[in-house]
Amino acid sequence: MPDQSLNPYTCYFLGMNKNEQHLLISHDLGLSRPFDIAKYAASWDEIKGPQSSPAIRVTETSFEGVQAQVFESTAADQEPHLKRGVVYFHGGGWTLGSGKMQTYYLRCWSMAEELNAVVISIEYRLAPEARFPDQYNEAVQASKHILTAEVLSRYSIDPKRVAVSGDSAGANLAAAVAQQMALDNSAPIKFKVQALLYPALQALDFNTPSYQQNGHIPILHRPLMARFWLEYLNGDPRLVTSLLANNHSTPTPSQEIAAAKAKTDWTKLLPVAFQKSYKPVFPLHGDPKLLEKLPGLLDVRAAPLLAETKVLKAVPPAYIMTCEHDVLRDDGLMYATRLEEAGVDVTVDHFEDGFHGCLSFAFGPFRFSVGFRSFRSYTRWLKENL
């Protein structure tokens, strides 16, 4: 297994949050693009070239032009049965990260070993070089190619045992891909399950109880999540304040906006225990032109929580990990409610001591108990359901 001397989540996420104002100021002064410093720091901790072992074979390839790393368990090479398959999308706000970073490399390596599986880590392009819907299109493109008899046979993957998974922004892509592939009649092979780790699923309400409760909690601050959405949707970074104030809502919303807001109504979708004493935030006036500037806010490909019920009925059973100390907690919980209401089998795995990105702390010298426990719980569910 590759060296675990550094944890890249600590390297770029904690460093980015600590220096967030400096990073943004440097951008305003023209010294760099936003997140360039964080990307540079993250690159220090990437695995240089595939590193295999007798137990895990690692190769680099592409699927329909989308780069990927493939982690293959060799335990069953001499046995007749086929392996599980997992298509994985890394997190990083559609802007940072790579499957080559140690935290993801070790995660996929360990998943392949634990599950006796083939784990395919997708290297979708990042903002600002790629903007929505580029990341989504590449995720669908690669997944559709992987879910072909030719590719699955090449890697000895059982076509009836393939999962799609991801964390944070990667879980956003995984959820969107699960919806699209479930509806794609031209793809006879479907994902058996989806596993979403602290997913980002909507950008219509930055004042859910979890956003209000955890707005200043590392690793993912509330303003930073809004900034990630703007990077993804190619919005002006000066719109952060408007998003945080829910200014994209108006006292008299259009029918389209009202329908979308109903799908993010946490007063109805969240269990009462998570609502606590928080109140919904409504702007006094709002900015109706904000949605014209950011049409992606209402696009289900960017915000899977906004999918119609008839679409949700078609998606595979879901595992959704949520963390108490995470601004995105309620995105996952609301999606779980909507899936359950659509008749989909859902497992919600909530960690009271969890925080955003905690699963990445299952490895390396910065290992936390919740990191190890969350990784074990995640792989256990996949082992039992895939």
Side-chain angles (χ1 to χ4, degrees), residues 57 59-77 79-90 99 108 111-112 114-124 133 135-166 170-197 199 300-301 304 307-308 310-320 339 342-347 378-379 381-386:
R57 179 169 53 249
T59 55
E60 295 181 349
T61 187
S62 64
F63 299 98
E64 288 295 297
V66 182
Q67 298 300 308
Q69 292 87 44
V70 181
F71 300 78
E72 299 177 75
S73 168
T74 61
D77 280 357
E79 299 177 23
H81 65 269
L82 298 174
K83 305 169 189 174
R84 299 177 177 93
V86 180
V87 177
Y88 195 88
F89 299 99
H90 68 80
C108 293
M111 287 167 60
E114 291 276 336
L115 301 172
N116 185 23
V118 177
V119 179
I120 302 175
S121 178
I122 305 298
E123 286 289 331
Y124 56 91
Q135 290 90 331
Y136 166 84
N137 287 339
E138 291 186 5
V140 171
Q141 191 175 309
S143 297
K144 189 169 182 176
H145 188 209
I146 291 167
L147 289 180
T148 59
E150 177 188 358
V151 172
L152 297 179
S153 175
R154 183 193 314 162
Y155 292 106
S156 298
I157 297 174
D158 187 339
K160 297 179 180 179
R161 302 170 74 197
V162 188
V164 62
S165 186
N172 167 285
L173 294 174
V177 165
Q179 292 178 7
Q180 175 59 29
M181 295 306 298
L183 298 175
D184 190 344
N185 294 326
S186 69
I189 301 174
K190 304 294 185 182
F191 288 115
K192 183 179 181 182
V193 296
Q194 55 181 318
L196 313 177
L197 311 176
V300 68
R301 297 173 300 170
E308 299 292 341
K310 63 182 179 181
V311 174
L312 299 182
K313 286 180 180 293
V315 304
Y319 168 93
I320 301 177
L339 289 174
V344 178
D345 289 334
V346 181
T347 299
Y378 166 57
T379 53
W381 187 90
L382 286 173
K383 188 174 292 185
E384 294 172 353
N385 292 275
L386 182 58

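The basis for the numbers below is simple: all heavy atoms, side chains too, and nothing from hydrogens, waters or symmetry mates. The first residue of the sequence shown is numbered 1, and numbering continues consecutively from there.
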What residue among V177, I120, N172 forms side chain to side chain contact (heavy atoms under 4.5 Å, CB included) with F89?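 Of all the options given, the one that passes is V177.
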With rounding to the nearest 0.5 angstrom, report the [atom1] to [atom2] distance, [X] to [Y].
{"X": "Y88", "Y": "C108", "atom1": "OH", "atom2": "SG", "answer": "6.5 Å"}
{"X": "E114", "Y": "M111", "atom1": "CD", "atom2": "CE", "answer": "10.5 Å"}
{"X": "L196", "Y": "Y319", "atom1": "CG", "atom2": "OH", "answer": "10.0 Å"}
{"X": "I146", "Y": "Y155", "atom1": "CD1", "atom2": "OH", "answer": "8.5 Å"}
{"X": "T379", "Y": "E384", "atom1": "OG1", "atom2": "CD", "answer": "9.5 Å"}
{"X": "I320", "Y": "L339", "atom1": "CD1", "atom2": "CG", "answer": "5.5 Å"}

Stepwise, does the side chain to side chain contact (heavy atoms under 4.5 Å, CB included) test hold for I189 with L152? CA-CA 10 Å; I189 301 174; L152 297 179; 3.8 Å; yes
Check [X] against [Y] and note the closest heavy-atom contact, atom names and distance.
{"X": "S165", "Y": "V86", "value": "CB-CG1, 4.2 Å"}
{"X": "V118", "Y": "K83", "value": "CG2-CD, 3.8 Å"}
{"X": "A112", "Y": "S73", "value": "O-CB, 3.4 Å"}
{"X": "E138", "Y": "Y124", "value": "OE1-CA, 3.5 Å"}
{"X": "L173", "Y": "A139", "value": "CB-CB, 4.4 Å"}
{"X": "V344", "Y": "P317", "value": "CG1-CA, 3.9 Å"}

Assess whether side chain to side chain contact (heavy atoms under 4.5 Å, CB included) is satisfied between K383 and N116, documenting all intermediate values. CA-CA 9 Å; K383 188 174 292 185; N116 185 23; over 6 Å; no
Heavy-atom donor-acceptor pair, [X] side chain to [Y] backbone, under 3.5 Å:
{"X": "T148", "Y": "H145", "result": "yes"}
{"X": "R161", "Y": "L386", "result": "yes"}
{"X": "Q180", "Y": "V140", "result": "no"}
{"X": "K190", "Y": "M181", "result": "yes"}

With side chain to side chain contact (heavy atoms under 4.5 Å, CB included) as the criterion, how do L382 and R84 come out once you've worked through the C-alpha distance, each side chain's angles and the decisive distance to 0.1 Å? CA-CA 9 Å; L382 286 173; R84 299 177 177 93; over 6 Å; no
Salt-bridge present (K144, D184; N to O < 4.0 Å): yes
Under the side chain to side chain donor-acceptor pair (under 3.5 Å) rule, collect the residues that match up with Q141, sequence neighbours excluded. none
Residues forming a side chain to side chain donor-acceptor pair (under 3.5 Å) with T347, sequence neighbours excluded: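 Counting only residues at least two positions away or on another chain, T347 forms a side chain to side chain donor-acceptor pair (under 3.5 Å) with W381.
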Side-chain donor/acceptor pairs under 3.5 Å, residues 60-72, sequence neighbours excluded:
| residue | atom | partner | partner atom | Å |
| --- | --- | --- | --- | --- |
| E72 | OE1 | R57 | NH2 | 3.4 |
| E72 | OE2 | R57 | NE | 3.4 |

Pairwise side-chain contact, I122 with H90, heavy-atom cut-off 4.5 Å (strictly under):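 With C-beta onward as the side chain, the pair stays apart.
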Applying side chain to side chain contact (heavy atoms under 4.5 Å, CB included) to S143 and F191, what does each step give before you reach the verdict? CA-CA 9 Å; S143 297; F191 288 115; 4.0 Å; yes
